[in-house]
Amino acid sequence: MRHLSKIGLHAVMLIGVLITIFPFVWVALMGTHTRGDIYSSPPPFYVGNNLLQNYAELLDIMPFWTVLFNSLYISVMGTIAAVLFCSMCAFGFYAYNFKGKNLIFGIMIASMMVPPVLMLIPSFLTLKYLGILDTHFALWFPGAASAFGIFLIRQYMGNSITRDLLDAAKVDGASDFRIYWSIVLPLIKPALATLAIVIFIGLWNNFLAPLIILSSPDKFVLTLALRSVQSIANSPWGAIMLGTFLSMVPLLLAFMFFSRQMMDGLTAGAVKG
Amino acid sequence: MQTSSEEKLPRKLEKPGRASRIRALRKSLVPWFFISPFLILFLVFNAFPLGFSIFLSFQEWNPVAGLNSMKFVGFKNYLSAVDDPWLWKSIYNTVWLAFAANIPQHLIAIPIAYLLVASLKGTVRHLYTATMFVPFITSTVAVSLIFFTIYSANTGILNQWLLALSTMPFIGGLFSWVPDVMPIRWLGKSDLLKPAIAFVVVWKYTGFNIVIYSAGFLTISKDLYDAAKVDGCNAWQQFWYVALPMIRPFIFFAVTLSIIGSLQLFEEPYVLTSGNSGGVGQAGLTASYYLYLVGWEWLEMGQAAAISWILFLFIAVVTSVHFYFNGRKGLEGNQ
């Protein structure tokens with residue numbers, strides 16, 4: 001009886017796992033087949049021999065490596081900026097008392113309630129007015145001091161840094177910036193890692209913002225480039241699936257090694273946001 | 001920068017000279033320096049745009065024609081937005097998808113999380129959880145493209161499987177209807193499109209919910225189950241009367257996240273309909289998708305701004321209703 005329920009349990013879990021990983025396996029397999037093979041009957045459940053041809057075709061329909069580099073550039077820049085800006089602001093809110101602090105903090109919290117969809121049109125027009133449409137800067141910079149990130153780090157500071165420590169550093173003659181840089185930052189590393197994970201994944205997978213901001217194909221990011229080849233006539237699906245698979249590989253690899261940190265980060269990020 | 005120990009000296013000893021005034025000024029500016037990234041980015045990219053969008057919603061404006069073509073039109077944008085049947089269709093679709101995508105997610109995630117926490121541990125549990133979490137970290141566009149080929153009508157793998165099932169012994173009878181309706185156009189029929197979209201959403205977010213619910217079940221101490229066992233609770237009763245009430249705050253939280261997310265659903269329907277005006281019969285036109293069409297395909301920025309505010313109102317109402325009916329119960333679950 002005990003064995004039976006154990007088997008049943010694993011069966012349930014394995015079904016869940018199979019449903020989850022099937023699309024990943026399928027996309028990897030399709031990347032090695034021709035368009036004709038993919039849509040043949042029965043479906044080809046084996047590694048095909050068209051990988052190189054697909055790769056050549058992929059480079060034909062989009063500047064794949066440029067686009068991949070664009071995605072990487074935006075994600076890295078955005079992550080660095082967010083970690084720096086959010087920790088600075090969180091430190092400002094945590095370590096000092098100044099006039100208007102509570103009001104600004106309150107506005108910041110309230111701004112988290114505004115649904116992004118409301119900001120779509122106005123942000124677009126602002127970027128247009130500033131003349132930074134169709135730039136990568138417009139994708140990683142405006143959101144770098146997000147209310148969510150500041151709040152996340154501010155909460156962490158409250159639990160990990162005592163005011164006595166800040167006072168002691170002050171008495172020892174450390175400058176404000178030095179307190180922030182050499183004392184506070186090393187102590188909040190876990191929160192910074194959480195923020196970095198959330199921001200990086202968010203930027204890497206971002207689609208709506210690039211869709212409305214970018215217009216030149218050589219500035220496209222992966223999501224946008226892949227979507228844009230979806231509707232060309234006689235889409236070379238083998239090549240598109242290869243590109244789709246390659247676009248997922250970096251995060252999948254990272255997840256294999258850092259699954260615990262990424263899961264903790266993404267759920268903690270959601271819990272606190 | 002400054003010698004802070006000096007500040008501890010009684011004020012009277014300091015001469016109110018120029019140097020100390022500058023020092024005081026600099027000291028009062030330090031916090032503003034630290035929060036300046038937020039202030040600047042917030043003002044430029046949030047506060048100003050938000051105000052501008054209120055202004056814009058009363059204007060008629062095609063952005064291609066430049067700023068001078070703006071014309072004050074009063075409430076016309078709001079009136080014609082409310083008049084457009086596509087707006088109501090898109091709101092209907094959004095609500096439909098919110099239910100169809102969210103309810104299965106949580107009904108699957110809660111029992112799976114419970115089983116994971118109650119009967120497995122260590123690496124095995126982590127392997128299962130992590131694998132089911134993977135869809136959450138992959139890009140929605142990539143996922144939707146994969147499902148776009150899986151759903152393909154003529155020879156997509158889903159249809160081929162259904163065909164194969166219909167020829168299998170024993171269960172074949174259950175699927176005997178399949179050959180008659182082939183090819184099933186999952187994305188090309190208005191009544192199949194929404195379920196097809198909902199499935200992708202369920203597939204992508206169930207793992208995330210499993211992780212949240214696992215965290216919830218892990219907060220329940222073993223003593224509670226032991227006490228329940230002493231009182232004669234069987235396994236089902238332990239789940240239903242002990243575990244489930246304890247994770248109420250987690251359910252409330254996860255459902256809130258799902259609601260907020262699904263009211264803004266855009267990428268799945270956009271990619272699955274090839275970005276083609278919401279798919280056949282606009283069955284896949286969600287609210288955000290509609291907003292995108294008005295603003296960027298039809299280039300009616302004023303109208304799109306008005307629609308944004310209507311959607312904002314809609315999201316605010318739905319979220320408040322959810323908080324009103326479930327908030328107190330959800331948040332007080334542990335007491």
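First the proteins, then the strands, lettered A, B, ... as listed; each starts at 1.
- Considering CG of Leu118(A) and CG of Leu313(B), their distance stands at 11.0 Å, rounded to 0.5 Å.
- More than 12 heavy atoms of other residues, nucleotides or ligands sit less than 6.0 Å from atom CH2 of Trp296(B).
- In this structure, the portions of Ala144(A) lying under 4.5 Å from any heavy atom of chain B include both its backbone and its side chain.
- A distance of 8.0 Å separates CZ of Phe48(B) from CG of Leu130(A), quoted to the nearest 0.5 Å.
- With rounding to the nearest 0.5 Å, the separation of CD1 in Ile35(B) from CD1 in Ile104(A) is 4.0 Å.
- Aromatic ring pairs are classed by plane angle as parallel below 30°, tilted from 30° to 60° and perpendicular above 60°; the pair Phe141(A) and Phe45(B) is perpendicular.
- Counting heavy-atom pairs under 4.5 Å between each of Ala145(A), Pro142(A), Ala90(A) and chain B puts Pro142(A) at the top.
- Using a 30° and 60° split on the angle between ring planes, Phe133(B) and Phe255(A) fall in the parallel class, below 30°.
- Remark: side-chain polar atoms of Gln230(A) are paired, donor with acceptor, to backbone N or O of Val271(B) under 3.5 angstrom.
- For the set Arg260(A), Met113(A), Lys101(A), the entry with the most heavy-atom pairs within less than 4.5 Å of chain B is Arg260(A).
- In this structure, the side chain of Arg227(A) engages the main chain of Ser274(B) through a donor-acceptor pair within 3.5 Å.
- Heavy atoms closer than 4.5 Å to chain A are found in the side chain of Ser152(B), but not in its backbone.
- When all heavy atoms of Pro116(A) and Gln264(B) are compared, the pair lying nearest together is CD-OE1, 3.1 Å.
- Among the candidates Asn205(A), Asn206(A), Leu9(A), the residue making the largest number of heavy-atom pairs closer than 4.5 Å to chain B is Asn205(A).
- Taking CZ from Phe38(B) and OG from Ser111(A), the interatomic distance works out to 5.0 Å, rounded to the nearest 0.5 Å.
- Highest contact tally toward chain B, considering only Phe207(A), Phe93(A), Tyr180(A), is held by Phe207(A) [criterion: heavy-atom pairs under 4.5 Å].
- Residues Phe42(B) and Ile107(A) form a side-chain contact, since some pair of their non-hydrogen atoms from C-beta on lies under 4.5 Å apart.
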Phe136(B) and Thr267(A): CA distance, side-chain angles, deciding distance, side-chain contact (heavy atoms from CB on, under 4.5 Å) verdict | CA-CA 11 Å; Phe136(B) 185 73; Thr267(A) 43; over 6 Å; no

Original post:
Yes or no on ring pair (Phe, Tyr, Trp, His ring centres under 6.0 Å) for Trp203(B) and Phe24(A), after CA distance, side-chain angles and deciding distance?
Top reply: CA-CA 12 Å; Trp203(B) 180 83; Phe24(A) 295 102; 5.7 Å; yes

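- Ranked by heavy-atom pairs under 4.5 Å with chain A, the first of Ala130(B), Ala305(B), Ala254(B) is Ala130(B).
- If you tally non-hydrogen atom pairs under 4.5 Å between each of Leu145(B), Asn276(B), Leu115(B) and chain A, the highest count goes to Leu145(B).
- Heavy atoms only, all atoms of each residue included: Thr223(A) and Val141(B) are closest at O-CG1, 3.5 Å.
- Residue Ile121(A) holds its CD1 atom at 11.0 Å from CZ of Phe52(B), rounded to the nearest 0.5 Å.
- Heavy atoms of Met119(A) lying under 4.5 Å from chain B belong exclusively to its side chain.
- Inter-residue side-chain proximity for Leu125(A) and Pro49(B) is flagged as unmet; no heavy-atom pair is nearer than 4.5 Å.
- For Tyr292(B), the part lying near chain A is the side chain, with the backbone staying farther off; criterion is any non-hydrogen pair under 4.5 Å.
- Pairs passing the side-chain hydrogen bond (donor to acceptor under 3.5 Å, both in side chains) check and including a residue from residues 305-315 of chain B, sequence neighbours excluded, read Ser53(B)-Trp309(B).
- Interface residue Leu50(B): backbone and side-chain heavy atoms are both found under 4.5 Å from chain A.
- Counting only heavy atoms from C-beta outward, the side chains of Ser28(B) and Phe98(A) never approach each other to under 4.5 Å.
- In this view, Tyr270(B) satisfies the side chain to side chain donor-acceptor pair (under 3.5 Å) rule with no residue, not counting sequence neighbours.
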Run the numbers on Phe34(B) and Asp176(A) for side-chain contact (heavy atoms from CB on, under 4.5 Å), then give the verdict.
CA-CA 10 Å; Phe34(B) 278 109; Asp176(A) 292 278; 4.2 Å; yes

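- Heavy-atom contacts from other residues, nucleotides or ligands closer than 6.0 Å to CZ of Phe258(A) number 12 or fewer.
- Ranked by heavy-atom pairs under 4.5 Å with chain A, the list Thr149(B), Thr131(B), Thr140(B) is led by Thr149(B).
- Heavy-atom proximity under 4.5 angstrom to chain B picks out Thr244(A), Ser247(A), Met248(A), Leu251(A) from residues 244-251 of chain A.
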_Between Phe148(B) and Trp237(A), does the ring pair (Phe, Tyr, Trp, His ring centres under 6.0 Å) criterion hold? Intermediate values first, please._
CA-CA 11 Å; Phe148(B) 186 79; Trp237(A) 277 105; 5.6 Å; yes

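- Within the 4.5 angstrom heavy-atom criterion, only side-chain atoms of Leu56(B), from C-beta onward, approach chain A.
- Heavy-atom pairs under 4.5 Å with chain B were tallied for Ile150(A), Ile201(A), Leu226(A), Leu208(A); the largest tally goes to Leu208(A).
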(request) For side-chain contact (heavy atoms from CB on, under 4.5 Å), just list the numbers for His10(A) and Leu120(B), CA-CA rounded to whole Å, side-chain angles, deciding distance to a tenth of an Å, and then say yes or no. (result) CA-CA 10 Å; His10(A) 284 280; Leu120(B) 295 169; 3.8 Å; yes

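- Of all the listed residues (Ile260(B), Leu311(B), Asn46(B)), the one sharing the greatest number of non-hydrogen pairs under 4.5 Å with chain A is Asn46(B).
- Residue contact with chain B, scored on non-hydrogen atoms closer than 4.5 Å, involves the side chain of Ile21(A) exclusively.
- Taking CG of Leu266(A) as the reference point, atom CZ of Phe208(B) lies at 7.5 Å (rounded to 0.5 Å).
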| request: Please step through side-chain contact (heavy atoms from CB on, under 4.5 Å) for the pair Val30(B) and Tyr96(A), ending with a clear verdict. | output: CA-CA 9 Å; Val30(B) 166; Tyr96(A) 302 97; 3.2 Å; yes

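- Neither the backbone nor the side chain of Leu84(A) comes within contact range of chain B; no heavy atom of the residue lies under 4.5 Å from a heavy atom of that chain.
- For chain B, the nearby parts of Met108(A) are the backbone and the side chain; heavy atoms of each come within less than 4.5 Å.
- Annotation: side chain to side chain contact (heavy atoms under 4.5 Å, CB included) contacts of Thr129(B) (sequence neighbours excluded): Met263(A), Leu116(B), Arg125(B), Ile210(B), Val211(B).
- Side-chain contact between Leu14(A) and Tyr128(B) is present, with heavy atoms from C-beta onward closer than 4.5 Å.
- Looking at Val44(B), both its backbone and its side chain come within 4.5 Å of chain A, counting heavy atoms on both sides.
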